[in-house]
Number of protein chains: 2
Amino acid sequence: MQPRFIAIKSALVDDIEHGRLAPGDQVESENQLAQRFEVSRMTARRALSELVAEGILARTQGVGTFVADSRPMSSMLTIKGIKDEILARGHDYQCRVVTREKRVATPSESRWLGVKEASPVYFTSLIHYENALPVQLENRWVNPHWAPDYLKQDFTAMTPNYYLNQVAPLTEADHVVSAVLPENDTAEKLMITPSSPCLQINRRTYSARGIVSVATLTHPGERYRLGGHLDFT
Amino acid sequence: MQPRFIAIKSALVDDIEHGRLAPGDQVESENQLAQRFEVSRMTARRALSELVAEGILARTQGVGTFVADSRPMSSMLTIKGIKDEILARGHDYQCRVVTREKRVATPSESRWLGVKEASPVYFTSLIHYENALPVQLENRWVNPHWAPDYLKQDFTAMTPNYYLNQVAPLTEADHVVSAVLPENDTAEKLMITPSSPCLQINRRTYSARGIVSVATLTHPGERYRLGGHLDFT
DNA sequence: CAGTGGTCTAGACCACTGG
DNA sequence: CAGTGGTCTAGACCACTGG
C-alpha cells in the first residue's frame, strides 16, 4: 500500500512532466489538494513540502505554491574507473592488492552498507598506480549478498567497480567529496607525507535491489583532480 | 518567536557540536523528545525528520535515530549558490566583501577568461560565513563585457552568481575540484591553520555568448563537503 | 512483547498577501 | 477581507526491530 502523500506527489510530478503544469504555474492550494484527494490538510501539505524540498515546487506564504523554474540538472558525470582514466591519458596503469578479506561490519560500516550490525562484509584495499606513482587508495566494503564471489576475483585484471557492475549492474550512486589529511598508513601507501592534503571520495553504489558497495577513494591532492562539465541547455 | 521544532533541532545540533552526541550515538526517541520539550510527538518528529533530511541524523524503523557522520554537504551537480545552500540547511548566512576592483588581467587570468592579455577585468573577493564561521573564500574574475555594472552591486544582498545569472544567464560550467593547502592569507581569511586541507573548486561559467566569469572557491576541509547523486536508470 | 519510527486525521491559531 | 501557507496538538493505527 502506497502512502497517500506519495500518491499526491506522483500526481503532481506527472502533471509537470506531461506539461499540464508549466514552470511558474500555481498549483492547487493545500486545502484544494486535501479535498481532491480526500486527505487531511497535513497530508496534502506533506506532499507539497517534499516537492519544495526537492526543488520542484516553490512556496510563498500568503500567496501560493508554484512550479519551480526548470529542471534538476541531471549529470553528465560518469563513474569512469580510475583504470580507464589512466589508460585514456596514455599512461601506464598498475594495481596492487593490499587487503582482501571477510570482516564483521562495524556499526558505522553496517549503517553505510545498509546491512545488519555485525553481519559479514567483504573488504578490499587496493592501490592504483599511474606511471608507477600511487594515485588512488581504494578501500571498499561489499555486501556479500549481491556479490558472493567477490573475494575470489583477480583485481589486477579487473577492477572491483568493473566486476561489481557485471554481477549487480549499477543504477545509482551517491558520493561525497572532501579534502582531508591522510592517516599515517594511508600516507605511506600513497607515498606522500601525512601533511599532504588528499581528495577523498566516499561513494556508495546501488543496483536495482539495494546497496552493493561503499568505497572510500583517497587521492594525493597533488596528483589528482576531479573535473566536470555541466550543460544547462 | 522561534518555532518549537527549530528549538529542538538547535538543541540537538548543539549537543552534536559540543560532543555530547557523537556520530553513531542514539538520540532520544520521538516520544522522549516530545516529553522533554513538552511538544506533541509530531513536532518532535518534525525536528528529527529535518535533521535526517539534512544528513545530520539517520533513522531506522523499529530501532531508533542516530547521529550520522556529519559535515554539511552540498550538491556537485547544481550550481546552487553557497548562500542558498546555507539557508537551506536552516543556518545563518553572512557575507563579507574583501576586495572589489578593476584589474588588468595577468596572462593566466586572461587565458582562463578568454580575453586579450592585459585587458581590464573585474575582480571580487568575498568570504561567505555559515553560522559565523567562514566556509568559502570566493575569488572571482569577471569579463566586463557581459556584466558592465558588476562592481556596483551590493554583494551582501545578492551573490555574484545570482547577479551574473540575471545579466548573462548561465548555460554551461566547467569545474575542477582539488585538495590543496591554503596560502597564508587564505588560511587567515578562512580562520584555519595553513596546514588544514582545503577543498578548492575552480569554476568557469559560460553564457550563450562566451565565458562570463572564472571563480576559485576555497573551502576549509573540515567545514565543507561536496555531495552528489547519480542516477543511471 | 515493548519500543521504535511511519503515516494520518480533524481540528486550531497564526502570519502573511492581495484585492 | 478571504485565502494562502506555517506551526502545532492529541490522538490513532501501522510496520518493523530486538529481546
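As the structure is a prediction and not an experimental result, all values here were calculated from the model. Every chain is numbered from 1 and lettered A, B, ... according to where its sequence line falls, protein lines coming before strand lines.
Mapping B:Met42 and A:Leu48 onto DNA chain D via the closest heavy atom, the residue that lands nearer the 5' end is A:Leu48. Mapped onto DNA chain C by nearest heavy atom, A:Ile6 and B:Asn31 fall at different nucleotides, with B:Asn31 at the one closer to the 5' end. Place B:Val27 and A:Glu38 on DNA chain C by their nearest nucleotides, and B:Val27 ends up nearer the 5' end.
The side chain of B:Ser29 contributes no N or O atom lying less than 4.0 Å from OP1 or OP2 of C:dG3. For B:Thr60 and C:dG5, the shortest distance from a side-chain N or O to OP1 or OP2 is not below 4.0 Å. An OP1 or OP2 oxygen of D:dG6 is reached within less than 4.0 angstrom by a side-chain nitrogen or oxygen of A:Arg45.
One atom, CG of B:Leu33, and another, C1' of C:dG5, lie 13 Å apart when rounded to the nearest Å. In this structure, B:Glu30 atom CD and D:dC8 atom P are separated by 16 Å, rounded to whole Å. For the pair A:Gln26 CD and D:dT4 C1', the computed distance is 9 Å after rounding to whole Å. The distance from atom CD of A:Gln35 to atom P of C:dT9 is 14 Å, rounded to the nearest whole Å. Summarising the geometry, the separation between NZ on B:Lys9 and P on D:dC8 is reported as 12 Å, rounded to the nearest angstrom. As rounded to whole Å, 6 Å separates atom P of C:dC8 from atom CZ of A:Phe5. Taking atom CD on B:Gln2 and atom P on D:dG6, their separation rounds to 17 Å, with Å as the unit. Atom CZ in B:Arg4 sits roughly 19 Å away from atom P in D:dG6 (whole-Å rounding).
Of all nucleotides listed (D:dC8, C:dG6, C:dT9), C:dG6 comes nearest to the side chain of B:Gln61. In the set C:dG6, D:dG6, C:dT9, D:dG6 carries the atom at the smallest distance from any side-chain atom of A:Arg59. For A:Arg46, whose side chain is taken as the heavy atoms from C-beta onward, the closest listed nucleotide among C:dA10, D:dT7, C:dT7 is C:dT7.
Salt-bridge formation is not detected for the pair B:Glu130/B:Arg223: no Lys NZ or Arg NE/NH1/NH2 atom is positioned less than 4.0 Å from an Asp or Glu carboxylate oxygen. The pair A:Arg45-A:Glu50 fails the salt-bridge criterion, with no side-chain N (NZ, NE, NH1 or NH2) lying under 4.0 Å from an Asp/Glu carboxylate O. The pair A:Arg20-A:Asp14 meets the salt-bridge criterion, with a side-chain N (NZ, NE, NH1 or NH2) lying under 4.0 Å from an Asp/Glu carboxylate O.
Between the side chain of A:Arg41 and the base of D:dG6, a donor-acceptor pair under 3.5 Å is found.
With a 3.5 Å ceiling on both atom-pair distances, the Watson-Crick or G-U wobble partner of D:dC1 is C:dG18. Of the nucleotides present, D:dT9 is the one that pairs with C:dA10 by Watson-Crick or G-U wobble criteria, both distances under 3.5 Å.
Between B:Trp141 and B:Phe123, the two ring planes are tilted [angle within 30° to 60°]. A tilted orientation is assigned to the rings of B:Phe155 and B:Tyr150, their planes being inclined by 30° to 60°.
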